[in-house]
Amino acid sequence: MRYKYLCMILLSMACLFLYGAPVKIISHATVTMPIDSTKGLKDYFAKFFTIGVAVSPRALKTDEAGLIIQNFGSMTPENAMKMGPIHPKENEYFWRDADSIMAFAKANHLKVRGHNLCWHNQVPRWIFTNAAGDTVSKEVLLQRLQEHITTVVNRYKGSIYAWDVVNEAISDKPGEYLRNSAWYRICGEEFIAKAFEYAHAADPDALLFYNDYNEINPVKREKIYRLVKSLKDAGVPIHGIGLQGHWAINEPSEEELTNTIKKFVGLGLNIQVTELDISVYNKEHDARERKPEDTNTEFTAEKENAQIEMYKRCFIIFEKYKKYITGITFWNISDRSSWLDNFPVRGRKDYPLLFDKNLQPKKAFWEVVKTVK
Ligand code: HAH
């Protein structure tokens, strides 16, 4: 009997050491085991999909680090691997931030999704021009793209399980197929397939995704489908479609989301929700100035309830299509700060995530967890 108590004390001390907080011990007739009071979001969804989060290297040095370890199974660098930050000059890479995220992931056994290899935003100034300031040729640009992708993918080969290879190449204008970006103007459509080929050559084991937003809009969805299907049919190494999922209290409808997932299921590729957040304001797609009506930025009960309903709707549908969806990544950690504090309205506070400013799980967190059957 005394031996049993000694075991319980030792086990409690071990838990205190491991978790940093007391863990309840239950004693059954024959075994003594800790109750897992550290269960996080990822654990509730473990049988369905990997739950990920977009991070900055700074957040990993704050109390948000503990929250990440407890709740998420995967991380995406929010900015650190984008072309602008990681490759500021032609012959200069800036690895520190990306490396520190990778080191944290390794130390805490998190998977990493890379984001991203080719995008029209956050591109370095040098990429499209030569020393004289003239626009470079298609050959030069593709060579630069190849050098960039090969170097970045190779550095993290084996540690990054999936990459967003091309981000947001589809136009938002109903009558236009591909976005009129500098990539497109200089290279035509070919830069997209090339980006996938370069990434695959650098790491044949990484899962390669095309990633885009507003996929719930039937017109844009059709164009995304057309692009991904054409890549697949042409034998381009593409393995997944990333639905960003920057949604809001007023969209998507059940029908829009269901139709979106069903449509992409037809491609026979991995589907991931790569950048999930649910804004507490009605959806607006373009950046705009702050207006007098934007002063009410409280997280009211009304906003909270509308957000809960939307989160529940999304997760019920995700679970219905669990066979096809392999990952859900939140775009930022908690309501303490997120990119939506500055988009579409600069300086308008938003509350789009499942953890509040104090890093506590919101009601929406528990409602999402309750959808798990
Ligand atoms: C995403 N774009 C990007 O993929 C991500 O890299 C960035 O950190 C935040 C959001 C969404 C988007 C946008 O940037 C502009 C207009 C609409 C949507």
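Please read all numbers here as calculations on a predicted model, not as lab measurements. Numbering of ligands and ligand atoms starts at 1, following listing order.
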Does only the side chain of N167 get under 4.0 Å from ligand 1, or the backbone, or both, or neither? Count heavy atoms.
side chain

Does the plane of the ring in W366 sit parallel, tilted or perpendicular to the ring in Y44? Use 30° and 60° as the thresholds.
perpendicular

With clusters defined by side-chain heavy atoms of hydrophobic residues (ILVMFWY) lying less than 4.5 Å apart, directly or transitively, does L41 cluster with V372?
yes

Looking only at protein heavy atoms, identify the closest one to atom 16 (C) of ligand 1 and say how far it is in Å.
F343 CZ, 3.4 Å

Nearest-neighbour protein heavy atom for atom 6 (O) of ligand 1, which is reported as residue plus atom name and distance:
H115 NE2, 2.7 Å

What atoms of ligand 1 come closer than 4.0 angstrom to any heavy atom of W119?
3 (C), 6 (O)

Can you list the atoms of ligand 1 that are under 4.0 Å from a heavy atom of K82?
5 (C), 6 (O), 7 (C), 8 (O)

So, is H285 polar-close to ligand 1, with some N/O to N/O distance under 3.5 Å?
no

Which atoms of ligand 1 are found less than 4.0 Å from any heavy atom of H246?
1 (C), 10 (C), 11 (C)

Is it the case that ligand 1 has an N or O less than 3.5 angstrom from some N or O of E275?
yes

Can an N or O of Q244 be found at a distance shorter than 3.5 Å from an N or O of ligand 1?
yes

For F209, does the six-membered ring have the charged nitrogen or CZ of R113 within the cation-pi criterion, i.e. under 6.0 angstrom from the centroid and within 45° of the normal?
yes

May I ask you to decide if the ring planes of F264 and Y225 are parallel, tilted or perpendicular, using 30° and 60° as cut-offs?
tilted

Is the Lys NZ or Arg CZ of K220 less than 6.0 Å from the centre of Y213's six-membered ring, within 45° of the axis?
yes

Counting both backbone and side chain atoms, is some N or O of W331 under 3.5 Å from an N or O of ligand 1?
yes

Validate the cation-pi geometry between R226 and Y177: distance from NZ or CZ to the six-membered ring centre under 6.0 Å, angle to the ring axis within 45°.
yes

Starting from atom 2 (N) of ligand 1, which protein heavy atom do you reach first, and at what distance in Å?
E168 OE2, 2.7 Å

Pick from K357, K362, Q360: which one makes a side-chain hydrogen bond (donor to acceptor under 3.5 Å, both in side chains) with D335?
K362

Proximity flag Q122 to ligand 1, non-hydrogen atoms under 4.0 Å:
no

What I want to know is whether W339 and ligand 1 share at least one N or O pair that is separated by under 3.5 angstrom.
no

Test of understanding: with ring-ring contact (aromatic ring centres under 6.0 Å, His included), list the residues that count as partners of F299, not counting sequence neighbours.
Y351

Results of side chain to side chain donor-acceptor pair (under 3.5 Å) for N167 - residues two or more places apart only
N211, Q244

